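Accompanying notes for the structure given below.
All values reported here derive from a predicted model rather than from experimental measurement. FYI, the numbering just counts along the sequence from 1.
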Amino acid sequence: MKGEALPPPFRLVAYETIGSTNDELKRLARDGAGEGLVVIAERQTAGRGRRGRAWVSPLGNLYSSTLVRPDCRAASAAQLGFVAALGVSGAIGEVAPHVATCCKWPNDLLANGKKVSGILLETEMVAGDRPDFVIVGVGVNLASSPRDTPYPATSLAEEGAPGIAPAEMAAAFIRHFAVWLATWRNAGFAPIREAWLTRAMGLGEPVQVRLERDTLDGRFLDLDEDGALLLGQPDGRRRIAAGEIFPARAA
Ligand code: BTN
């Protein structure tokens, strides 16, 4: 990536075609790679999304994985998904300032209400409850987006910002992610939570949350101190650690 200075300790390894950037970075991390290594690829042949879904990965979009070695418990490591979402939000604000984005719980980015970016965190543990490393996998639809997805998808090109190169987006993401990562390390989750909430889709509104086996309706009240969603229901508030949020079903 010529001319794109990255803040230390971030450095890039770029591939043309790879199975999954997350898998490649996991291999490098097991071999002892240090924090800040970023793997990007032009295409993935086995890109993975959350909930075991495939992440279709044609030429033109960003596929990146960033290695973090946090010194914290697993529950806190999950907060890195929000750190990454703020990084993507800042990067899109920089390279495509006219595109309106918001954060969709837990870790997606929407552009004009459609999914433009997804984040897949993968953790490997050492003894007990402490992650050895966290792989922060980020996909951003720059040139194209898939059809027939559970949540409607878009790309920056479709939203009026064509011609953004994956390398440009990668550099912008890393710069913004580096700032938010330092904030998280120095000040904890509170400022991350606060910044994420100011960008959140559906806060205070009726939403539907799809869990593994169940679908819940309620009001999106807040995030708790671990990043779980607090859903207001007629019989009280419910804490949801993992799921997917959708606008409320029409009454
Ligand atoms: C999701 O929203 O389901 C998460 C999608 C994460 C996709 C990225 S693309 C780069 C990295 N490598 C992968 O195989 N997945 C992540």
Spatial distance of atom [atom1] ([X]) from atom [atom2] ([Y]) [nearest 0.5 Å]:
{"X": "Asp108", "Y": "Cys102", "atom1": "CG", "atom2": "SG", "value": "10.0 Å"}
{"X": "Glu122", "Y": "Ser20", "atom1": "CD", "atom2": "OG", "value": "7.0 Å"}
{"X": "Leu197", "Y": "Cys103", "atom1": "CG", "atom2": "SG", "value": "9.5 Å"}
{"X": "Phe246", "Y": "Met201", "atom1": "CZ", "atom2": "CE", "value": "8.5 Å"}
{"X": "Met169", "Y": "Ile174", "atom1": "CE", "atom2": "CD1", "value": "11.0 Å"}
{"X": "Thr149", "Y": "Asn141", "atom1": "OG1", "atom2": "CG", "value": "9.0 Å"}

For the hydrophobic clusters of this structure (ILVMFWY residues joined by side-chain heavy atoms under 4.5 Å, transitively), does one cluster hold both [X] and [Y]?
{"X": "Leu67", "Y": "Ile119", "answer": "no"}
{"X": "Trp196", "Y": "Val68", "answer": "yes"}
{"X": "Leu110", "Y": "Phe173", "answer": "no"}
{"X": "Ile40", "Y": "Ile135", "answer": "no"}
{"X": "Ile240", "Y": "Leu203", "answer": "yes"}

Heavy atoms only: give me the nearest [X]-[Y] pair and the separation to one decimal.
{"X": "Trp180", "Y": "Ala195", "value": "CH2-CB, 3.5 Å"}
{"X": "Leu62", "Y": "Pro166", "value": "CD1-O, 3.6 Å"}
{"X": "Ser65", "Y": "Gly137", "value": "OG-CA, 4.0 Å"}
{"X": "Cys72", "Y": "Pro131", "value": "O-CD, 2.9 Å"}
{"X": "Gln44", "Y": "Gly19", "value": "CB-O, 3.2 Å"}

With a 4.0 Å cut-off on N to O distance, would you call [X] and [Y] a salt bridge?
{"X": "Arg185", "Y": "Asp71", "result": "no"}
{"X": "Arg48", "Y": "Asp23", "result": "yes"}
{"X": "Glu158", "Y": "Arg147", "result": "yes"}

Side-chain donor/acceptor of [X] to backbone N/O of [Y], under 3.5 Å:
{"X": "Arg69", "Y": "Ala33", "result": "yes"}
{"X": "Thr215", "Y": "Leu211", "result": "no"}
{"X": "Asn61", "Y": "Leu142", "result": "yes"}
{"X": "Asp132", "Y": "Glu124", "result": "no"}
{"X": "Arg193", "Y": "Leu223", "result": "yes"}
{"X": "Trp105", "Y": "Gly243", "result": "no"}
{"X": "Glu35", "Y": "Pro9", "result": "no"}
{"X": "Ser117", "Y": "Gly139", "result": "yes"}
{"X": "Ser57", "Y": "Trp55", "result": "yes"}
{"X": "Asp226", "Y": "Ala228", "result": "no"}

For Lys26 and Leu28, what are the C-alpha separation, side-chain angles and deciding distance, and is it a side chain to side chain contact (heavy atoms under 4.5 Å, CB included)? CA-CA 5 Å; Lys26 209 177 287 176; Leu28 295 167; over 6 Å; no
Check whether any side-chain heavy atom of [X] sits under 4.5 Å from a side-chain heavy atom of [Y], and report yes or no.
{"X": "Pro106", "Y": "Arg50", "result": "yes"}
{"X": "Gln233", "Y": "Leu216", "result": "yes"}
{"X": "Thr45", "Y": "Ile18", "result": "no"}
{"X": "Arg53", "Y": "Pro150", "result": "yes"}
{"X": "Tyr15", "Y": "Glu42", "result": "no"}
{"X": "Asp224", "Y": "Arg239", "result": "yes"}
{"X": "Leu156", "Y": "Val116", "result": "yes"}
{"X": "Pro58", "Y": "Ser144", "result": "yes"}

Side chain to side chain contact (heavy atoms under 4.5 Å, CB included) for Val207 and Arg219? Distances and angles first, verdict last. CA-CA 6 Å; Val207 293; Arg219 194 171 290 276; over 6 Å; no
Any chance you could lay out the side chain to side chain contact (heavy atoms under 4.5 Å, CB included) test for Val209 and Glu244, step after step, and finish with the verdict? CA-CA 5 Å; Val209 185; Glu244 206 162 353; over 6 Å; no
Quiz item: cation-pi between Arg43 and Tyr63, 6.0 Å / 45°: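 Pair Arg43/Tyr63 does not count as cation-pi.
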Do the numbers put Lys104 on top of the ring of Tyr151, so that NZ or CZ is under 6.0 Å from the six-membered ring centre and no more than 45° off the axis?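 The answer is yes, since Lys104 meets both limits relative to Tyr151.
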Surrounding CG of Asp214 (heavy atoms of other residues, nucleotides or ligands, distance under 6.0 Å), is the total greater than 12?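 Counting neighbours around CG of Asp214, more than 12 heavy atoms of other residues, nucleotides or ligands fall under 6.0 Å, so yes.
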Apply side chain to side chain contact (heavy atoms under 4.5 Å, CB included) to residues Leu231 and Arg237 and explain how you reach the verdict. CA-CA 5 Å; Leu231 189 71; Arg237 67 168 44 187; over 6 Å; no
For residues 77-96, run the donor-acceptor check on the side chains, cut-off 3.5 Å, and write out each pair with its distance to 0.1 Å, sequence neighbours left out.
from  : atom 1 : to     : atom 2 : distance (Å)
Gln79 : OE1    : Trp184 : NE1    : 2.9
Gln79 : NE2    : Glu225 : O      : 3.4
Glu94 : OE1    : His176 : NE2    : 2.7
Glu94 : OE2    : Arg175 : NH2    : 2.5

Would you please classify the geometry between the Phe10 ring and the Phe177 ring as parallel, tilted or perpendicular, with 30° and 60° separating the classes?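 The rings of Phe177 and Phe10 stand perpendicular, inter-plane angle above 60°.
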